Chemist: 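Here it is: the structure, laid out below.
The basis for the numbers below is simple: all heavy atoms, side chains too, and nothing from hydrogens, waters or symmetry mates. Each chain gets a letter, A, B and so on, in the order its sequence line appears, and its residues count up from 1. Because the structure is a prediction, the values reported are computed rather than measured.
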There are 2 protein chains.
Amino acid sequence: MSNESKGRPPTIYDVAALAGVSHQTVSRFVKGHTNIRPEIRDRVESAVKALDYKPNGAARALATSRGNRIGALVYELMEVGPNKIIHGASIRAREAGYLLDIVSLDPNDDAAIVQAIGLINQHDLAGVMVFAPTDRVIDAVGRVRFTVPVHVESDMPPQGSATPAANEVGAGMLMDHLAALGHRRFFQIAGPPDWPSARARAAAYDSALENLADTTTSAGTVHGDWTAASGYRAAMEMPLDAGVTALVVGNDQMALGALAALGERGVRVPNEVSVVGFDGIPESEFYRPSLTTIRLDLEGLGASAIDRLLSMGVEAAAPTPAVPAPPRLIVGHSTAAPGA
Amino acid sequence: MSNESKGRPPTIYDVAALAGVSHQTVSRFVKGHTNIRPEIRDRVESAVKALDYKPNGAARALATSRGNRIGALVYELMEVGPNKIIHGASIRAREAGYLLDIVSLDPNDDAAIVQAIGLINQHDLAGVMVFAPTDRVIDAVGRVRFTVPVHVESDMPPQGSATPAANEVGAGMLMDHLAALGHRRFFQIAGPPDWPSARARAAAYDSALENLADTTTSAGTVHGDWTAASGYRAAMEMPLDAGVTALVVGNDQMALGALAALGERGVRVPNEVSVVGFDGIPESEFYRPSLTTIRLDLEGLGASAIDRLLSMGVEAAAPTPAVPAPPRLIVGHSTAAPGA
DNA sequence: CGGGATCGAGTTACCGGTAACCTAGAGGGG
DNA sequence: CCCCTCTAGGTTACCGGTAACTCGATCCCG
């Protein structure tokens, strides 16, 4: 499948020799320098083409001491959410001429976290992104002396960022939707408490309850681990005699588990209990009943994270910064007025 | 969040100066060379620690002309499957001291494919992996002159590989399961025909029909695009008057869509029609009815792909090559004897 | 006790680019 | 018409490692 010619790949010196110019002229050409006579430019251009010259990234990185890669720390649990973020980030990074170095973290193994960070912390990176981390990861990252810009995407509004986090907004939209339908008694199945994004959603749940009519109350909150299995368990143990009519779940997978559990317990959705999820994964439309949820623009989020990272470096800011689409409420058949 | 000291990060020369030795000695120490006097070794070691020295990957890559990264081309559709493969590959690569450079491909844009390949090829990589590609991607990759080993993981048994592909085995297990229950009339919703893994599964479906009792027949095959929505559409249009009792679906997401469609059409699963999926994603246990499917060890697959790639290079083969677990049949409530 | 093998460490060149400096002409203004 | 500036391109040094070669001190053995 692979294919080689005689020896090493061509260098600028090879190109220079073939074109009859100095290597520096080739370097200038490759970088798109303008002050080159058309005649010389043509010679270099055809030499580049003839040799199929490709610049050596390592040499460039060494000379400029500025890498062409962005390290990305991702959580081991590669659920759908983090993935889409990575995908958006990867596309965006490539547009800016960078490659994404991904390192999967095992969240339960501190040593592995440290090792992974050590691996990523070589000097040839343009920056480091930390995606959807847990507190433990944030901690570990915070203790490391990085030599490059680091951006931690924690889903929490960082140091007074202007745009409110999508998590808060989305959770608020769900609560408004449920309240408008007439629900007054809620129960929450939240994500793991050491995930900032789970906390953000849970906090929005709490504050929505406070801001809504004071007759709205919560029958409690339990924490799952994002998986459908944990949502199932939580919903199996959820009190049914507390008058709860609305179940707020931290993501769509757990909501799927909850739907299954409620079905087994003979609770009809949405007639007796309404269920909402979070993330808006494509599958949620095909759950039965189809899920009311919040669609997040996760790819946009990943892209904008890259933009923010790049703007931290000397790099000129992206011409058109990516702006994630705002969270959108998807209304399915899992919500209805209580007792409909 | 980041943290800097005075200037550039320390180099071997800094360490050498502090330890009072030559830079070469430091280099030897870092590489774990044995022939160093204990006294000198200690001096170097403490100097390394004092300066928090980390080798510069770019310089090393330049000097050895051997990168410490593996490029990974992944399909844009980051469904659950490809993801887990990537995750497994990433872990394995890190164990071997490599980082994974991931490049997401837009499958519909040939120019983007070429550009992505160009990007990955111009950088200094130890090798390139191509995961779960479509024919189009395989084609594009095949035309490129790579300077490093390339491994294409196409889910098809390559040049007579000894281990039969998991896809064939798994699909066969599903067919056996259905046949043993007494099903004779099948229908298939396959993945996109330009995906080798989809073709492998479909081919196994066909050959199983041939090998089973000659009374078993197929009422047809349609192709989806791996998404739940496409599974839904396909199942909505599937003929119901052809006596089909078994619906074989190319992955779990499409199977979810098919379950929803059958529900809407008033077809009871599994009483009237049995449904099987493929992949064994965790959520499939919580579909209603829970899905009979094949659990693939995708992470193991990714890891072994990395092993194979590394063994193509000069690199000594991994001490303990990763062996993916064999496909496993997960029996849910979506299958039963026909007319049960 | 002398000569070759071995060991530990230093010296130097080189990987393939970029940056800074330098130079020979061309062009322009007083 | 001369001097200055600007332009196009070449020269040289350097980024931070590794590899190859060198050299003095031991060590071993005949």
Chemist: Tell me whether B:Asp307 is salt-bridged to B:Arg92, with the criterion being a basic N under 4.0 Å from an acidic carboxylate O.
Modeler: yes

Chemist: What is the nucleic acid contact for B:Ser65, judged by heavy atoms within less than 4.0 Å: base, sugar-phosphate only, or nothing?
Modeler: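 The residue B:Ser65 makes no contact with any strand.
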
Chemist: Would you say A:Arg37 reaches D:dG9's phosphate, i.e. side-chain N/O to OP1/OP2 under 4.0 Å?
Modeler: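 Result: yes.
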
Chemist: Classify the side chain of B:His23 and the base of D:dT18 as holding, or not holding, a donor-acceptor pair under 3.5 Å.
Modeler: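 When only heavy-atom distances are counted, B:His23 does reach the base of D:dT18 through a donor-acceptor pair under 3.5 Å.
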
Chemist: Go through the N and O atoms of the side chain of A:Tyr13 and the base of C:dG16, and report whether any donor-acceptor pair is under 3.5 Å.
Modeler: no

Chemist: What integer distance in Å separates B:Gln24:CD from D:dC23:P?
Modeler: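 Distance check: B:Gln24 CD to D:dC23 P gives 17 Å.
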
Chemist: With a 3.5 Å distance limit and no angle check, can you tell me whether B:Arg69 reaches the backbone of B:Leu99 through a side-chain donor-acceptor pair?
Modeler: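 No, B:Arg69 side chain to B:Leu99 backbone: no donor-acceptor pair under 3.5 Å.
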
Chemist: Checking the side chain of B:Thr25 only, and the main-chain atoms of B:Val21 only, is there a donor and an acceptor separated by less than 3.5 Å?
Modeler: no

Chemist: Counting only side-chain heavy atoms from C-beta out, which of D:dG17, C:dA9, D:dG16 sits nearest to A:Leu62?
Modeler: D:dG16

Chemist: For a quick test of reading the model: is some side-chain N or O of A:Ser27 closer than 4.0 Å to OP1 or OP2 of C:dT18?
Modeler: yes

Chemist: A:Thr25 has a side chain; which of D:dG9, D:dG17, C:dA20 sits nearest to it?
Modeler: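 My answer, after comparing the listed nucleotides, is D:dG9.
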
Chemist: Quick one: is A:Asn35 getting a side-chain N or O under 4.0 Å of the D:dT7 phosphate, OP1 or OP2?
Modeler: no

Chemist: Both B:Ala63 and B:Pro38 contact DNA chain C. Taking the nearest nucleotide for each, which residue is further toward the 5' end?
Modeler: B:Pro38

Chemist: Check the phosphate of C:dA19 against A:Thr64, side-chain N and O only, distance under 4.0 Å to OP1 or OP2. Yes or no?
Modeler: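 Checking A:Thr64 against C:dA19: no side-chain N or O falls below 4.0 Å of OP1 or OP2.
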
Chemist: OP1 or OP2 of C:dA19 sitting under 4.0 Å from any side-chain N/O of A:Lys31?
Modeler: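 For C:dA19, OP1 or OP2 has a side-chain N or O of A:Lys31 closer than 4.0 Å.
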
Chemist: Return the value, rounded to whole Å, for the distance between atom CZ of B:Arg41 and atom P of C:dC7.
Modeler: 15 Å

Chemist: Please report, rounded to the nearest Å, how far the C1' atom of C:dA24 is from the CD1 atom of A:Ile40.
Modeler: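 Between C1' of C:dA24 and CD1 of A:Ile40: 14 Å.
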
Chemist: Output the single nucleotide from C:dG17, C:dA9, D:dG10 whose closest atom is nearest the side chain of A:Arg60.
Modeler: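 Given the options C:dG17, C:dA9, D:dG10, the side chain of A:Arg60 is closest to C:dG17.
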
Chemist: Contact class for B:Phe29 (heavy atom, under 4.0 Å): base, sugar-phosphate, or nothing?
Modeler: nothing

Chemist: Just compare D:dA20, C:dG16, D:dG17 and give me whichever is closest to any side-chain atom of B:Asn56.
Modeler: D:dG17

Chemist: Touch check for A:Val30, heavy atoms < 4.0 angstrom, all strands: base, sugar-phosphate only, or nothing?
Modeler: nothing

Chemist: When you measure from the side chain of B:Thr11, which nucleotide among D:dG10, D:dA20, D:dG17 comes out closest?
Modeler: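 Nearest to the side chain of B:Thr11 among the choices is D:dG17.
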
Chemist: Distance check needed: D:dG17 P versus B:Asn68 CG, whole Å only.
Modeler: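 Distance, rounded to whole Å: 12 Å.
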
Chemist: Given that B:Val26 and A:Gly20 both sit by DNA chain D, which one's nearest nucleotide is further toward the 5' end?
Modeler: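 Upstream on the strand: A:Gly20.
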
Chemist: With B:Val26 as reference, evaluate B:Asp14, B:Ile12, B:Leu18, B:Thr11 under the side-chain contact (heavy atoms from CB on, under 4.5 Å) test and give the passing residue.
Modeler: B:Ile12

Chemist: Does A:Ser65 use its side chain to pair, donor to acceptor, with the backbone of A:Leu62 at less than 3.5 Å?
Modeler: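 The answer is no, because no donor-acceptor pair under 3.5 Å joins these two groups.
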
Chemist: Before you tell me yes or no, could you show the steps for B:Ile86 and A:Ile102 under side chain to side chain contact (heavy atoms under 4.5 Å, CB included), namely the whole-Å CA-CA distance, both residues' side-chain angles and the distance that decides it to 0.1 Å?
Modeler: CA-CA 10 Å; B:Ile86 287 289; A:Ile102 75 156; 3.7 Å; yes

Chemist: For the base of C:dG10, is there a side-chain donor-acceptor partner from B:Arg28 under 3.5 Å away?
Modeler: yes

Chemist: Rounded off to whole Å, could you give me the CZ-to-C1' distance for the A:Arg66 and D:dC15 pair?
Modeler: 15 Å

Chemist: Of the options D:dG9, D:dG17, C:dA9, whose atoms approach the side-chain atoms of B:Ile12 most closely?
Modeler: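 Among the listed nucleotides, the one closest to the side chain of B:Ile12 is D:dG17.
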
